[in-house]
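As structure tokens, the structure follows; a few thoughts come after it.
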Amino acid sequence: MTEKTTLLKPSPETGTLIEMAPEKIPSKQGIPELEKKLLERIGASARKLRIMHVCGTHERTIAKYGLRSVLPEEIEVISGPGCPVCVTPEADIDIAIALAKSRASVVTFGDMMRVPGSTGSLLDAKAEGADVKMVYSIDDAVALAEKKPEQEVVFFGIGFETTVPANAATLLRGVPENFSLLVSQKRTPPAIGLLAKDTEVDAFIAPGHVATIIGTKPFEPLAYQGFPVVVSGFEAYDVLLGISLLLTQLGEGAARVDNGYPRVVKPEGNLIALKMMEEVFETADSEWRGIGNIERSGLVLKKEFEEQDAAKRHEDFYAKALEEIRKKAKGRDKKRCICAAILTGKANPSRCPSFGKGCTPKTPAGPCMVSQEGMCYNWFKYARAGGSGHA
Amino acid sequence: MCIAIPGRVKAIVNENTATVDMGGVRRDVNMDLLGGASEALLGKYVLVHVGYAISEISEEEGEETMRLLKLMAGLDDGENDSFEAFPGNRDTD
Ligand code: SF4
């Protein structure tokens with residue numbers, strides 16, 4: 001995606017957002033003055049604090065703008081399992097590869113192509129002749145199926161609540177006979193709930209784009225447990241605003257869910273999207289790579305949509321390929337990737353002996369180095385540049 | 001994966017789809033999650049994720065963000081100059 005974008009500013013007269021001439025705005029400049037002031041404020045009320053965010057896009061913002069280096073030392077921002085690509089289990093990738101090695105065309109997002117399953121990635125399978133394609137949207141996958149009615153097309157649908165509604169909308173609109181969905185979708189609140197128990201953390205920055213869909217209510221149980229929570233957007237100033245709001249709550253001795261991203265997130269979420277999700281999917285226990293099974297943290301297709309469930313519908317025809325993958329995986333020596341510890345806020349990439357050496361975005365040894373939202377990827381990409389931008 | 005990009009609705013293509021301008025790049029975006037591609041969305045800002053608009057970006061709430069930012073930064077309304085360049089909804093990429 002391009003770096004250029006339409007910018008808005010509040011009109012001095014009415015205060016409503018108006019479009020600005022893009023050429024006047026140096027891109028990615030942020031609001032230096034405001035960010036400086038926010039940092040001063042944060043510095044003045046700083047206290048020993050471990051804040052966890054659970055969104056890969058937040059990690060990106062924090063790494064990109066070098067926020068860790070400008071925040072007061074007492075405030076530590078750690079990363080939770082916020083990268084859907086990183087938590088997709090090897091077993092699901094294996095099934096996708098087995099499907100592609102059989103007679104189906106497997107279609108998915110770019111990030112997903114390079115994540116290693118138990119013996120290799122979808123991209124490796126493609127190099128070996130399997131039918132794997134990359135798309136930007138599930139609609140592109142449906143279009144592929146429409147073009148080739150004789151070809152089974154399987155969309156490998158991974159993601160959190162931000163991505164799931166698109167899959168629901170597609171199935172509700174109706175899909176061609178030869179189209180099915182391999183579902184590996186996750187719900188974030190149960191995972192955050194687990195971390196609240198397991199990891200040393202004082203407060204949470206909730207994922208803004210997940211909240212766009214599910215609203216702010218699902219994060220309330222965290223507040224009841226005593227954790228201040230803020231829903232934040234993805235600019236440097238959004239994250240700084242979030243931290244300020246958390247400090248305010250702590251100062252008041254309060255624990256609630258503040259909405260620091262009201263221009264996008266409504267407290268009730270996106271009701272249309274939620275209804276569609278409910279019609280198509282139901283909650284189930286789900287495996288998170290590196291974390292294990294988390295109760296009610298998955299979204300699987302309801303019985304009415306069984307016909308579109310690739311894992312069930314094609315079970316027989318990919319069984320042989322899957323068996324071969326599993327056989328091959330048995331003998332392999334496991335690489336010592338510490339993604340699991342990183343995803344649960346227990347370690348930083350710098351603790352991994354492969355970081356930046358054997359493992360780089362070009363030669364990823366684990367899922368956290370593949371995705372643009374992975375902690376290792378962002379540390380590699382931006383730490384080297386010292387974190388650009390303001391704040 | 002959860003990266004989403006704001007854009008402005010420029011044209012309605014059919015009942016599901018609208019053309020959205022995202023920083024000079026025009027794309028057909030599915031509007032089903034906002035209740036379909038209706039004329040009422042023309043000119044509005046939306047947040048786009050994997051080809052679907054997932055939320056309308058609210059102008060009034062843009063002001064609310066600004067109010068919160070100013071409040072937390074300890075700046076009062078009079079001190080407005082630094083906000084001339086408030087990029088309310090920049091690319092979240
Ligand atoms: S640097 Fe590579 S091997 Fe190490 S934890 Fe990150 S992804 Fe895994």
Side-chain angles (χ1 to χ4, degrees), chain A residues 1-10 12 15-17 22 25 29 31 33-34 37-38 41 55-57 83-85 109 111 136-140 158-160 162-163 165-166 169 173 207 209-210 212-213 233-235 237 241 244-245 248 260-264 270 272-273 276 371-373, chain B residues 1-8 16-17 21-25 27-36 45-52 54-75 79-93:
Chain A
M1 202 40 74
T2 167
E3 293 269 296
K4 248 176 54 194
T5 188
T6 309
L7 303 175
L8 305 176
K9 67 168 182 182
T16 55
L17 292 179
I25 298 304
Q29 286 273 311
I31 318 172
E33 180 69 9
L34 194 47
K37 283 264 158 47
L38 280 169
R41 273 273 164 129
C55 175
T57 316
C83 155
V85 168
F109 300 125
D111 269 4
Y136 167 69
S137 163
I138 185 172
D139 289 9
D140 302 337
I158 67 137
F160 295 146
T162 322
T163 318
R173 254 192 334 268
H209 290 152
V210 166
T212 298
I213 303 296
F234 300 94
E235 295 297 338
Y237 56 78
L241 172 65
S244 312
L245 289 167
T248 305
Y261 195 25
R263 66 187 185 277
V264 170
N270 179 335
I272 298 172
M276 287 181 171
S371 165
Q372 285 185 32
E373 287 176 276
Chain B
M1 271 297 309
C2 290
I3 288 173
I5 294 167
R8 189 171 200 185
N16 307 110
T17 320
D21 182 304
M22 291 178 274
V25 180
R27 264 202 102 103
D28 281 355
V29 170
N30 190 301
M31 293 286 156
D32 286 2
L33 303 176
L34 301 183
Y45 286 88
V46 294
L47 198 60
V48 180
H49 171 68
V50 296
Y52 279 69
I54 56 168
S55 157
E56 206 183 291
I57 301 169
S58 137
E59 295 194 14
E60 298 97 74
E61 295 297 344
E63 292 166 41
E64 174 60 14
T65 307
M66 182 52 95
R67 195 190 62 80
L68 270 176
L69 276 167
K70 282 196 209 167
L71 187 74
M72 296 319 292
L75 294 169
E79 231 179 298
N80 227 337
D81 295 357
S82 51
F83 305 117
E84 267 306 289
F86 178 58
N89 302 294
R90 283 185 305 175
D91 188 346
T92 54
D93 176 3

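Order of the sequence lines fixes the chain letters, A, B, ..., with proteins taken first and strands second; residue numbering starts at 1 for each chain.
Looking at V48(B), the atoms closer than 4.5 Å to chain A (heavy atoms on both sides) all sit in the side chain, from C-beta outward. Heavy atoms closer than 4.5 Å to chain A are found nowhere in D28(B), neither backbone nor side chain. Residue I213(A) touches chain B through its side chain alone, counting heavy-atom pairs closer than 4.5 Å. Of the two parts of L71(B), only the backbone, made up of N, CA, C and O, holds a non-hydrogen atom closer than 4.5 Å to a non-hydrogen atom of chain A.
Expressed to the nearest 0.5 Å, how far CG of L47(B) lies from CG of N270(A) amounts to 11.0 Å. Taken to the nearest 0.5 Å, the CD1 atom of I54(B) stands 13.0 Å off from the CD1 atom of I272(A). For the atom pair R173(A) CZ and N16(B) CG, the distance stands at 5.5 Å (nearest 0.5 Å).
By the side chain to side chain contact (heavy atoms under 4.5 Å, CB included) test, A166(A) is found to be paired with I138(A), V50(B), Y52(B), residues two or more places apart in sequence or in another chain being considered. A search for side-chain hydrogen bond (donor to acceptor under 3.5 Å, both in side chains) contacts involving D140(A) returns nothing, not counting sequence neighbours.
Nearest heavy atoms, M276(A) versus D32(B): CE-O, 3.7 Å. Contact detail for L68(B) and G260(A): the closest heavy-atom pair is CD1-CA, 4.4 Å.
Both the sub-6.0 Å distance and the 45° axial angle are satisfied by R27(B) relative to the ring of Y136(A).
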